[in-house]
Amino acid sequence: MSPVTAAAVLVGRDNELALLDGLLREAARGRGAAVLIEGEPGIGKSALVHAAVTAAPDAGCQVFWGAGDELGTALPLLPFLDALQVREPSVNARRNTIVGLLRGEIAADRGADVPATLAEQLLALVAEESAVRPVVLVIDDLQWADPASVTLWGRLARTARQAPLLLIGTARPVPHRDDLLALHRLAGDDGRIQLTGLAEPAVADLVAVLAGGRPDGSLLRLAEGAAGNPLYLTELVAALMRGSNLTLTPAGTAALADGTGLGGQPGSSGSGSIPGSLSAVIADRLGFVTGPVRDVLRAAALLGVDFEISDLAIVLGRGLPDLLPAVDEARVAGVLAESGSSLGFRHPMIRAALYEEMPAAVRAAWHRDAARALA
Ligand SMILES: Nc1ncnc2c1ncn2[C@@H]1O[C@H](COP(=O)(O)OP(=O)(O)O)[C@@H](O)[C@H]1O
Ligand SMILES: [Mg+2]
């Protein structure tokens, strides 16, 4: 993905920041907590946690940060090993034991395998570290973490309340992993922060920061297509600036240059098409749904931004019950949403991307078939 210039400030997340700050200060006093931050890609999970933990040193806490890896990894517990920086030999006996286990120089506990022994050692290390100085332990992108890491996160979550430990996890909502669903339940309503799109004033603030001037009406209407997703907004403004599609008036207003319009009619060419990096962002989101679901979504893209699920069934020649799992998955991934009594794409831009990724000839044939089936 092309680099984007992110805003240096966090907008519209004051409540979430205050909540995390409160938890951090409580943890510093020995009353820890576990909190799971959930939300679609780009909604600002990592940015929120980064902003929240900047206060940690002042509150007397040390911060450990690890993350699940999209490409996966052969090494179980890597997010924790990275976070706790236990890859190299050290003067600390516990850390040396862990390094020894990793290198095969130390055998696993009797009756246990290496990952299980490692998990015990890591639990003990977190306890020891938090006894030295309160700990904020972040595991970002849990949806990509290996099962052993998810299990360890759950075990730590159960003990955090009695320790100077603030355990933070972030995750995309995934329908497929039972272990993540279990974490979701374990966290409970009190232990979860659900991040949704930025509210309108925050969107305007963010666009202003990114564009270097208060957005005018036309720019704001365009920004609405991002549905409050900060990554989309960031990409959108970056793409506009790259294409010289933004002008700053002498009064400091950021406005669309004449003739600029994005995310309009899918399939239209020229200024109506989606900027490359924005498609990349959308492709990333779509990449999160499985192949069969994507096929269903392509058919839906033919029907429009909003559509009836019964029409979708007709176009695909499938029964309604057969489609429901795919539709549910797309909803959880933030691709589809309910709109009144029908369904719709959560972002017109997503629909456009799906539409445009089909070769024109395929599109035309589909349209014909769809029209025939619906007739
Ligand atoms: N509240 C916000 N204010 C300003 N920029 C934000 C905000 N939330 C996220 N961003 C920016 O949007 C992009 C995506 O955010 P990120 O935290 O990476 O999303 P996630 O971790 O949920 O996928 C980043 O460039 C980030 O800096
Ligand atoms: Mg992130």
Side-chain angles (χ1 to χ4, degrees), residues 1-21 35-55 63 65-71 79 82-83 137-145 149 153 168-174 180 184 192-215 220 223 225-242 254 275 277-289 332-335 346-347 349-350:
M1 198 184 303
S2 66
V4 285
T5 318
V9 290
L10 198 76
V11 307
R13 300 292 192 210
D14 293 354
N15 292 342
E16 291 83 358
L17 272 178
L19 196 154
L20 287 173
D21 196 59
V35 57
L36 200 55
I37 298 168
E38 296 177 331
E40 63 186 50
I43 203 69
K45 302 179 292 297
S46 305
L48 171 65
V49 180
H50 272 295
V53 302
T54 53
V63 179
W65 186 298
D69 183 351
E70 182 169 12
L71 301 177
D82 278 348
L137 175 53
V138 183
I139 304 294
D140 204 2
D141 287 325
L142 274 169
Q143 78 279 353
W144 289 321
S149 291
W153 199 95
I168 301 178
T170 76
R172 299 179 179 184
V174 213
L180 286 179
H184 173 92
R192 268 194 319 253
I193 297 179
Q194 201 74 44
L195 279 190
T196 53
L198 297 175
E200 250 172 70
V203 168
D205 286 347
L206 180 52
V207 174
V209 171
L210 294 168
R214 296 302 301 175
L220 278 181
N229 183 304
L231 179 60
Y232 281 32
L233 288 165
T234 306
E235 282 287 344
L236 181 65
V237 174
L240 289 172
M241 291 170 81
R242 270 197 307 275
S277 63
L278 198 57
S279 319
V281 173
I282 293 167
D284 179 54
R285 174 191 297 247
L286 291 172
F288 205 59
V289 301
V332 172
V335 175
R346 218 167 89 56
H347 303 253
M349 289 186 264
I350 300 181

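Both ligands and their constituent atoms are indexed starting at 1 by order of listing. These numbers were taken from a predicted model, which means no experiment stands behind them.
In this comparison of Gly228, Pro41, Ala47, the heavy atom closest to atom 26 (C) of ligand 1 sits on Ala47.
Not close to ligand 1: Gly39, with no non-hydrogen atom less than 4.0 angstrom away. Within the structure, ligand 1 has Val9 among the residues with a heavy atom less than 4.0 angstrom away.
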Stepwise side-chain contact (heavy atoms from CB on, under 4.5 Å) check, Thr170 with Leu142
CA-CA 6 Å; Thr170 76; Leu142 274 169; 6.0 Å; no
Could you give me the CA-CA distance, side-chain angles and deciding distance for Arg13 and Leu198, then say whether side-chain contact (heavy atoms from CB on, under 4.5 Å) is met?
CA-CA 8 Å; Arg13 300 292 192 210; Leu198 297 175; 3.7 Å; yes
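Only the side chain of Arg13 comes within 4.0 Å of ligand 1, judged by heavy-atom distances.
The backbone N or O of Ala145 lies less than 3.5 Å from no partner atom in the side chain of Ser149, so there is not a single donor-acceptor pair. Gln143 contributes a side-chain N or O that, together with a main-chain N or O of Arg172, makes up a donor-acceptor pair within less than 3.5 Å. A donor-acceptor pair under 3.5 Å is absent between the side-chain atoms of Asp82 and the main chain of Gly68, judged by distance alone. Side-chain atoms of Arg192 come within 3.5 Å of backbone atoms of His184 as a donor-acceptor pair (strictly under, hydrogens ignored). Side-chain atoms of Lys45 come within 3.5 Å of backbone N or O of Gly39 as a donor-acceptor pair.
Ligand 1 has no nitrogen or oxygen under 3.5 angstrom from a nitrogen or oxygen of Leu206. Considering backbone and side-chain N/O of Gly44, one or more are found under 3.5 Å from N/O of ligand 1.
Proximity to Val11 (heavy-atom distance under 4.0 Å) selects the following atoms of ligand 1: 1 (N), 2 (C), 3 (N), 4 (C). Shown in contact with Ser46 at under 4.0 Å from a heavy atom are these atoms of ligand 1, numbered in order with element: 17 (O), 21 (O).
Look at Thr170 and the Mg ion (ligand 2): no N/O/S atom of the residue is under 2.8 Å from the metal.
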